[in-house]
Number of protein chains: 2
Amino acid sequence: MPTPVATSTSGHGSAEPRIKSEVQCCVPSRGEEALLAVEAETLAARFKALADPNRLRILSIVSTSPEAETCVCDLSEPLGLGQPTVSHHLKILVEAGLLNREKRGVWAYYSLVAGALDSLAAALTPKA
Amino acid sequence: MPTPVATSTSGHGSAEPRIKSEVQCCVPSRGEEALLAVEAETLAARFKALADPNRLRILSIVSTSPEAETCVCDLSEPLGLGQPTVSHHLKILVEAGLLNREKRGVWAYYSLVAGALDSLAAALTPKA
DNA sequence: ACTAGACATCGACGGATATCGATGTTCCGA
DNA sequence: TCGGAACATCGATATCCGTCGATGTCTAGT
């Protein structure tokens, strides 16, 4: 049940703004039909994980890697970032529910969470 | 031509990590096939516009309003934000190419840019 | 046991950002 | 012509975020 940015229902009147002060200028927009504050908070948290170029490149590299999984050492060099920074970004992506983390021996392998990006994309297309 | 997070092509060998130091541990991932740094930068800039709960609610309110357009005064109250803050968020959304701004008289009407959110959603679903 | 390597965590620092109050600008009505 | 309303912009501030070096933890060989 993906939550679109725009919920569908709407019912109104008064398209043109009023002038007087005791009446709202345009459409009052009771606000209950639209995105709740809590929903917006969680959605924004997930988009925040995507709001960094290096994290987008991490997702890209992980998804294009042959086994669809990547370890930290593969990311540090192409991104031009230090290992602690890469680990930091990976942690954010895991906590956002976008990446899986699997420790095998000394290496940590990261892979895309199936359907996670699609769920976010669905939240952007209310007409879905 | 939406740019998916993950570009499709890939060709590799050596799925298992090597041990020696002069060889990369896992998959070298030349990095040219994946998301370029510049592409990632512009994509991240647009996601950054979505990475705020109040901006998501603005998009929701605008899209659910009867004429699919809203003026600032309609947003200030339901969001619980001051007018300068709302104007600030609207400016960010306009600069991200997500909202149109049309000044009619004293009021400024904002509406969704057609296809903008869909283009962003498409960037998240490489299989499209 | 000891060493070495891969990764996570910590502390710090500089830059970005969300928010506000105050002020400027533009348009409309009286 | 003047006052007011809607909105943008400015300046300030508190917080958040990305990055790094240093350090801790765990595993695999030797």
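Throughout, a chain's letter reflects where its sequence line sits, starting with A, and its residues are numbered from 1. Please read these numbers as outputs of a predicted model, since none were measured by experiment. These values consider heavy atoms only, across backbone and side chains, with no hydrogens, waters or symmetry-generated copies.
Among C:dA8, D:dT9, D:dG18, the nucleotide with an atom closest to any side-chain atom of A:Arg101 is C:dA8. Comparing D:dA8, C:dC7, D:dC17 by their nearest atom to the side chain of A:Lys48 picks out D:dC17. Out of D:dC20, D:dC17, C:dT19, the shortest distance to the side chain of A:Leu81 is found at D:dC20.
Checking side-chain atoms of B:Thr85 against main-chain N and O of B:Leu81 turns up no donor-acceptor pair under 3.5 Å.
A straight line from CG of B:Asn54 to P of C:dT17 spans 16 Å, rounded to a whole angstrom. The distance from atom CD1 of B:Ile92 to atom C1' of D:dT9 is 14 Å, rounded to the nearest whole Å. If you measure from atom CD of A:Glu95 to atom P of D:dG18, you get 12 Å, rounded to the nearest angstrom. Residue B:Glu102 contributes atom CD, which lies 17 Å from atom C1' of D:dA8 at whole-angstrom precision. Atom pair A:Leu99:CG and C:dA8:P shows a separation of 12 Å (rounding to whole Å applied). As a whole-Å value, the separation of A:Lys91 NZ from C:dC10 P is 8 Å. Rounded to an integer number of Å, the gap from B:Trp107 CH2 to C:dT25 P is 22 Å. Rounded to whole angstrom, the span from the CG atom of B:Leu93 across to the C1' atom of D:dC7 amounts to 16 Å.
No side-chain heavy atom of B:Leu99 sits under 4.5 Å from any side-chain heavy atom of B:Ser111.
A:Tyr110 has no side-chain polar atom (N or O) that falls below the 4.0 Å cut-off from OP1 or OP2 of C:dC7. For D:dC20, one of the phosphate oxygens OP1 or OP2 lies less than 4.0 angstrom from a side-chain nitrogen or oxygen of A:Thr85. Contact between the side-chain N/O atoms of A:Arg55 and the OP1/OP2 oxygens of D:dG18 is found at a separation under 4.0 Å. Taking only side-chain nitrogens and oxygens, B:Arg104 never comes nearer than 4.0 Å to OP1 or OP2 of D:dA6.
Contact annotation: side chain of B:Gln83 to base of D:dA8, donor-acceptor pair present below 3.5 Å.
Taking all atoms of both residues into account, the shortest heavy-atom contact from A:Ala116 to A:Gly97 is CB-O, 3.4 Å.
Contact annotation for B:Leu79: no contact, since no heavy-atom pair falls under 4.0 Å across all strands. Using a 4.0 Å heavy-atom criterion, one finds that A:Lys103 contacts no nucleic acid atom at all. Counting non-hydrogen atoms under 4.0 angstrom, B:His88 reaches a base of the nucleic acid.
Between B:Leu90 and A:Pro84, the residue anchored nearer the 5' end of DNA chain D, judged by the nucleotide with its closest heavy atom, is B:Leu90.
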Check your understanding: Does the side-chain contact (heavy atoms from CB on, under 4.5 Å) test come out yes or no for A:Leu59 and A:Leu93, once each step is laid out?
Key -> CA-CA 9 Å; A:Leu59 291 177; A:Leu93 289 170; 4.2 Å; yes

Check your understanding: Can you check side-chain contact (heavy atoms from CB on, under 4.5 Å) on B:Phe47 and B:Leu120, steps first, answer last?
Key -> CA-CA 8 Å; B:Phe47 279 122; B:Leu120 267 185; 3.9 Å; yes

